[in-house]
Amino acid sequence: MGLIDVPGVKSRAILQSHRGRRSTNCPKVSRKTGAGQVYLAPDLARAFDAAEKAAEKAGDSFVTVERLLLG
């Protein structure tokens with residue numbers, strides 16, 4: 001019995017029967033345009049900018065989670 005098996009269900013058998021099939025419900029990844037670009041909501045972008053400025057002011061070369069939460 002596997003870790004996620006429940007009585008009457010064999011997850012390994014289900015996995016084996018679906019292996020090799022391509023699910024039509026899975027999202028498709030495309031790299032046509034805008035690859036590598038991340039767009040943020042304006043409020044989130046301001047929070048990142050404030051955290052980065054606070055880190056620079058403190059002499060840090062990285063932004064911590066605490067600075068993001070305070071930003």
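Residues take their numbers from the sequence shown, with the count starting at 1. Note that this is a predicted model, so its numbers are computed, not measured. Because only heavy atoms are used, hydrogens play no part in the values below, and waters and symmetry mates are left out as well, while side chains stay in.
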**Request:** For residues A47 and L68, report the shortest heavy-atom separation together with the two atoms involved.
**Result:** O-CD2, 4.3 Å

**Message:** So, using side chain to side chain contact (heavy atoms under 4.5 Å, CB included) as the criterion, who are the partners of A55 when residues are at least two apart?
**Reply:** D60, V63, R67

**Asked** Under 4.0 Å between a Lys/Arg side-chain N and an Asp/Glu carboxylate O for D43 and R46?
**Response** yes

